[in-house]
Undergrad: 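I have a structure I would like to understand better, so I am pasting it below and will then ask my questions one at a time.
Throughout, a chain's letter reflects where its sequence line sits, starting with A, and its residues are numbered from 1. As the structure is a prediction and not an experimental result, all values here were calculated from the model.
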Protein chains: 2
Amino acid sequence: MRLSSRSEYAVRAMVELAASHGAGPISIREVASREGIPEKYLEQLFRKLRKAGLVHGARGSGGGYMLTREPHTISVADVVRAVDGPIAVCDCTSENRDGVQCHKRSLCAAHPVWDKLQKGIVSILDSTTLGDLAGTSAGSDPAD
Amino acid sequence: MRLSSRSEYAVRAMVELAASHGAGPISIREVASREGIPEKYLEQLFRKLRKAGLVHGARGSGGGYMLTREPHTISVADVVRAVDGPIAVCDCTSENRDGVQCHKRSLCAAHPVWDKLQKGIVSILDSTTLGDLAGTSAGSDPAD
DNA sequence: ATCAAATCAGACTAATTTGGTATGATTTCA
DNA sequence: TGAAATCATACCAAATTAGTCTGATTTGAT
């Protein structure tokens, strides 16, 4: 039930782009140094985000990345899926399963929780957008 | 966001025990064959479950494992924590973090989603019991 | 007493995933 | 032309995962 560093990094990086949306491309170097993410690793992530159509890459001097859509139309789930693939609590609840079911035949007794969990996770990630996060700035969270 | 096979197996095994609760100990061999789980692997898991106080192990011939509490008082979260440790979406939302925060200092912009996600996951796993899944008794809502 | 069935315990291992690095090519602006 | 940037792929070490192996100990039944 852990988030990969890919997803963590990617979401943070995307929130950076969201916060500066409309102000031209931002370079990997810039984002990496602001967020404390290894540059070359972030480069990989941005390539995946680009292939998923979430960002546009501007090459050459003065280049960088920009969101392709408005921040409030890109969900955290979009970003997570782009870098980590389909969200899947287990095979039988995966978003990309090919008719895979518990025990290959019938549903196991535990299936209802996994299903509920899967839906709960997707629902939260789907309903939170980069716009939400970019607007809710760091340090403003009263909890914890 | 994937469940480990440890958790999957452990929950399924515990539901087996729950379904036969009160009918004496059930052996690993029995559970393993019913659920299609490697025996020796399941043995490890049951040892963790015992150390967590969720089951009692009866040694010797005719032995096996039994739940130490009523099925509807053992949550799926209890089982998951027993075999996989504290539930943690990321370090800064982990159930056992030692004051660890995003960037070691302030909260990152993404923190609100991770926090929401963590709470959502724990809430679902906490509120579903082995009794619910086994279908035995004491009427909580059947998931899904 | 002996034997078989079972838990107990820990070390070991193969494969996969994770979290990166390294190298170099290509594009673009100045 | 040169620097700044993305693009692309290959490589790698460490950790994790999902087991297996070996053997000890306990207990019930013959």
Side-chain angles (χ1 to χ4, degrees), chain A residues 1-13 17 24-68 80 82-86 88-91 94, chain B residues 1-13 17 24-68 80 82-86 88-91 94:
Chain A
M1 286 292 89
R2 243 194 122 70
L3 214 68
S4 68
S5 78
R6 275 188 300 278
S7 287
E8 264 194 81
Y9 286 167
V11 171
R12 273 164 49 203
L17 295 199
I26 306 179
S27 71
I28 288 173
R29 171 163 310 222
E30 181 77 26
V31 174
S33 90
R34 280 195 213 162
E35 292 288 333
I37 300 169
E39 257 184 66
K40 281 305 202 177
Y41 194 42
L42 186 55
E43 204 177 307
Q44 283 185 5
L45 301 181
F46 266 123
R47 259 193 337 261
K48 287 190 173 192
L49 293 166
R50 179 175 55 79
K51 281 174 182 167
L54 300 179
V55 298
H56 169 73
R59 306 176 67 166
S61 183
Y65 287 96
M66 306 162 52
L67 299 184
T68 53
V80 169
V83 298
D84 270 327
V89 159
C90 58
D91 289 328
S94 172
Chain B
M1 286 294 90
R2 241 192 124 70
L3 215 67
S4 69
S5 78
R6 274 187 301 279
S7 286
E8 263 194 82
Y9 287 166
V11 170
R12 271 164 49 203
L17 296 199
I26 305 178
S27 71
I28 288 172
R29 172 164 309 222
E30 181 75 28
V31 175
S33 90
R34 280 195 214 162
E35 291 288 334
I37 300 170
E39 257 183 65
K40 281 306 203 177
Y41 194 41
L42 186 55
E43 206 177 306
Q44 284 185 5
L45 300 181
F46 267 123
R47 255 177 1 243
K48 287 189 173 193
L49 292 166
R50 179 175 55 77
K51 282 175 181 165
L54 299 179
V55 297
H56 169 73
R59 306 176 67 166
S61 182
Y65 287 96
M66 307 162 51
L67 299 184
T68 54
V80 170
V83 298
D84 269 329
V89 160
C90 59
D91 290 327
S94 173

Undergrad: Please find the pair of heavy atoms, one from Val80(B) and one from Val11(B), that lie closest to each other, and give the distance.
TA: CG2-CG2, 4.4 Å
Undergrad: Between Glu43(B) and Asp84(A), who's closer to the 5' end of DNA chain C by nearest nucleotide?
TA: Glu43(B)
Undergrad: Angle class for the Tyr41(A)/Tyr9(A) ring planes (parallel below 30°, perpendicular above 60°, tilted otherwise)?
TA: perpendicular
Undergrad: To the nearest angstrom, how far is Tyr65(A) atom OH from dT28(C) atom P?
TA: 13 Å
Undergrad: Can you tell me how far P of dT6(D) sits from CG of Leu17(A), to the nearest Å?
TA: 11 Å
Undergrad: Tell me whether the count of non-hydrogen atoms from other residues, nucleotides or ligands lying under 6.0 Å of CZ in Arg29(B) goes above 12.
TA: no
Undergrad: Rounded to the Å, how far apart are Tyr41(B) OH and dA15(C) C1'?
TA: 13 Å
Undergrad: Does Leu3(A) or Ser61(A) map to a spot on DNA chain C nearer the 5' end, using the closest nucleotide for each?
TA: Leu3(A)
Undergrad: Please check the phosphate of dG20(C) (OP1 and OP2 only) for any side-chain N or O of Tyr9(A) closer than 4.0 Å.
TA: yes
Undergrad: Heavy atoms from C-beta onward define the side chain here; which of dA18(D), dT25(D), dT18(C) lies closest to that of Arg6(A)?
TA: dT18(C)
Undergrad: Can you measure Met66(B) atom CE to dA6(C) atom C1' for me and round it to whole angstrom units?
TA: 15 Å
Undergrad: Over how many whole Å does the gap from Ile37(A) atom CD1 to dT21(C) atom P extend?
TA: 12 Å
Undergrad: What's the closest nucleotide to the Lys40(A) side chain, out of dA22(C), dA6(C), dG19(C)?
TA: dA22(C)
Undergrad: Taking only the side-chain heavy atoms of Ser5(B) (C-beta and beyond), determine which of dG20(C), dA18(D), dC29(C) contains the nearest atom.
TA: dA18(D)
Undergrad: Whole-Å distance between dT17(D) P and Arg2(A) CZ?
TA: 10 Å
Undergrad: Using whole Å, what does the distance between atom P of nucleotide dT17(D) and atom CG of Leu45(B) come to?
TA: 13 Å
Undergrad: Looking at side-chain heavy atoms only, is the closest gap between Arg2(A) and Val89(B) below 4.5 Å?
TA: no
Undergrad: Just so I know, are the side chains of Ile26(A) and Met66(A) near enough to count as touching, which here means a heavy-atom distance under 4.5 Å?
TA: no
Undergrad: Side-chain contact test, heavy atoms from C-beta onward, threshold under 4.5 Å: evaluate it for Lys40(A) versus Gln44(A) and give yes or no.
TA: no
Undergrad: Among dC7(D), dT27(D), dA18(D), find the nucleotide with the atom closest to the side chain of Ser4(B).
TA: dA18(D)
Undergrad: Got a donor-acceptor pair under 3.5 Å from the side chain of Glu39(A) to the base of dT21(C)?
TA: no
Undergrad: When you measure only distances, ignoring hydrogens and angles, does the side chain of Gln44(B) come within 3.5 Å of the base of dT20(D) through a donor and an acceptor?
TA: yes
Undergrad: Assign each of Ala58(B) and Arg59(A) to its nearest nucleotide of DNA chain D by heavy atoms, then name whichever residue's nucleotide is nearer the 5' end.
TA: Arg59(A)
Undergrad: Report the distance from atom CD of Glu8(B) to atom CG of Leu45(B), rounding to the nearest 0.5 Å.
TA: 11.5 Å
Undergrad: Rounded to whole angstrom units, what separation is found between the CD1 atom of Ile28(B) and the P atom of dT27(D)?
TA: 16 Å
Undergrad: Would you check if Tyr65(A) and Leu42(A) make a side-chain contact, meaning some heavy-atom pair closer than 4.5 Å?
TA: no
Undergrad: For DNA chain D, which residues of residues 46-56 of chain B approach it to below 4.0 angstrom with any heavy atom?
TA: none
